[in-house]
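Just so you know, ligand 1 is whichever comes first in the structure, and atom 1 is the first atom listed for that ligand. Just so it is clear, the values below take in all heavy atoms, side chains as well, and ignore hydrogens, waters and symmetry mates.
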Amino acid sequence: MPRKSVIAIDGPAGAGKSTIAKLLSQELGYRYVDTGAMYRALTWKALRDRVPFHSPEALSSLAKKTKLRFVQKKGVSRMLADGEDVTGRIRTQRVTRLTNTLAAVKGVRQVLRQRQREMGREGGVVMEGRDIGTAVFPQADFKFYLDASPMERALRRYRELKAKNKRVSLDSIAEAIRQRDYKDRTRGISPLKVAPGATVIDTTKMTLHDVFKFILNHVRREGRNGND
Ligand code: DC
């Protein structure tokens with residue numbers, strides 16, 4: 001039986017990567033790896049342990065000694081940091097803002113890149129993030145880059161939070177997205193960019209279903225997948 005594929009999905013915040021990656025992994029029977037959750041989990045732990053964010057050495061050392069693991073519970077992927085379930089706690093605004101700082105540290109990225117490579121070594125994985133197709137798996141069987149206009153991404157996030165009865169303003173979400181885009185794209189190491197050979201999908205005017213169908217058809221047409 002042929003080896004199962006590595007599918008890399010990159011793109012900016014709010015482009016729909018997580019939803020699509022989850023659906024795809026379920027459909028193909030592949031493992032889903034949310035690399036953003038790994039950066040977030042380290043940020044959460046750094047905050048809890050009062051690790052200074054201005055010290056690249058301290059953050060890298062934290063990355064080296066923290067065990068990060070994904071487990072499936074009731075069909076949902078949960079993030080464990082040293083055995084502790086941090087899935088809910090890594091989604092706060094504070095963690096989101098500081099993750100940018102931690103993710104720009106070379107030593108941290110080296111550690112996480114290595115761990116992510118191990119997670120995908122056997123294939124059969126859908127991995128999403130910012131540098132999967134460029135740095136973690138440049139030889140991935142499939143590389144997709146999902147994008148959407150900043151306003152569309154802000155609107156999607158706004159609707160998501162509104163549905164949860166959160167009090168939010170579209171302006172502040174749009175501004176936060178603008179700042180994250182800027183930081184993700186301009187950092188010195190592994191900045192967000194389109195990987196060579198990646199299929200770019202502008203999802204601004206597409207439904208989730210359209211994007212999912214497009215990617216699934218592409219993967220099925222081009223080759224090896226869980227049903228081969
Ligand atoms: O996808 P997300 O919003 O959960 O990502 C959180 C942060 O982590 C985001 O600011 C970018 C960073 N990140 C990264 O630098 N590299 C990755 N492979 C994934 C996320």
_We want to know whether Q114 and Q110 form a side-chain donor-acceptor pair, criterion being a heavy-atom distance below 3.5 angstrom._
no

*Consider only side-chain heavy atoms of I, L, V, M, F, W and Y, link residues closer than 4.5 Å, and tell whether V211 and I132 are in one cluster.*
no

*List the steps, then state whether side-chain contact (heavy atoms from CB on, under 4.5 Å) holds for D34 with K17.*
CA-CA 9 Å; D34 171 3; K17 300 184 300 293; over 6 Å; no

*Check whether any heavy atom of Q179 sits under 4.0 Å from an atom of ligand 1.*
no

*Using only heavy-atom distances, determine whether the side chains of E128 and Y32 contain a donor-acceptor pair under 3.5 Å.*
yes

_Could you identify the single nearest non-hydrogen protein atom to atom 19 (C) of ligand 1 and state the distance to 0.1 Å?_
T35 OG1, 3.4 Å

*Is it the side chain, the backbone, both or neither of L192 that has a heavy atom closer than 4.0 Å to ligand 1?*
neither

*Quick one: nearest non-hydrogen protein atom to atom 20 (C) of ligand 1, plus distance?*
G36 CA, 3.6 Å

*Between E128 and ligand 1, find which residue part has any heavy-atom pair under 4.0 Å and reply side chain, backbone, both or neither.*
neither

*So, does R187 sit close enough to ligand 1 that a heavy atom of it is under 4.0 Å from the ligand?*
yes

_Between T203 and R156, do the side chains contain a donor N or O and an acceptor N or O under 3.5 Å apart?_
yes

*Would T96 and T99 count as having a side-chain donor-acceptor pair, cut-off 3.5 Å?*
no

*Using only heavy-atom distances, determine whether the side chains of D210 and T207 contain a donor-acceptor pair under 3.5 Å.*
yes

_Nearest neighbour in protein (non-hydrogen) for atom 1 (O) of ligand 1_ = R130 NH1, 2.9 Å

*Among R185, R113, R109, R187, find the residue that satisfies the salt bridge (Lys or Arg N to Asp or Glu O under 4.0 Å) test when tested with D131.*
R109

*asked:* Can you report which non-hydrogen protein atom sits closest to atom 3 (O) of ligand 1, along with the distance?
replied: R180 NH2, 2.4 Å

*Tell me: protein heavy atom nearest atom 10 (O) of ligand 1, and distance?*
N100 ND2, 2.9 Å

*Run down the list R109, M127, R40 and name the one with the heavy atom closest to atom 15 (O) of ligand 1.*
R109

*For atom 7 (C) of ligand 1, the protein heavy atom that lies nearest, with its residue and separation*: T99 CG2, 3.4 Å

*Starting from atom 11 (C) of ligand 1, find the nearest protein heavy-atom neighbour and note its residue, name and distance.*
D184 OD1, 3.4 Å

*Considering heavy atoms of the protein only, find what lies nearest to atom 12 (C) of ligand 1 and give residue, atom and distance to 0.1 Å.*
A103 CB, 4.0 Å

*Report the part of A13 in contact with ligand 1, treating N, CA, C, O as backbone and CB onward as side chain, heavy atoms under 4.0 Å; options are side chain, backbone, both, neither.*
neither

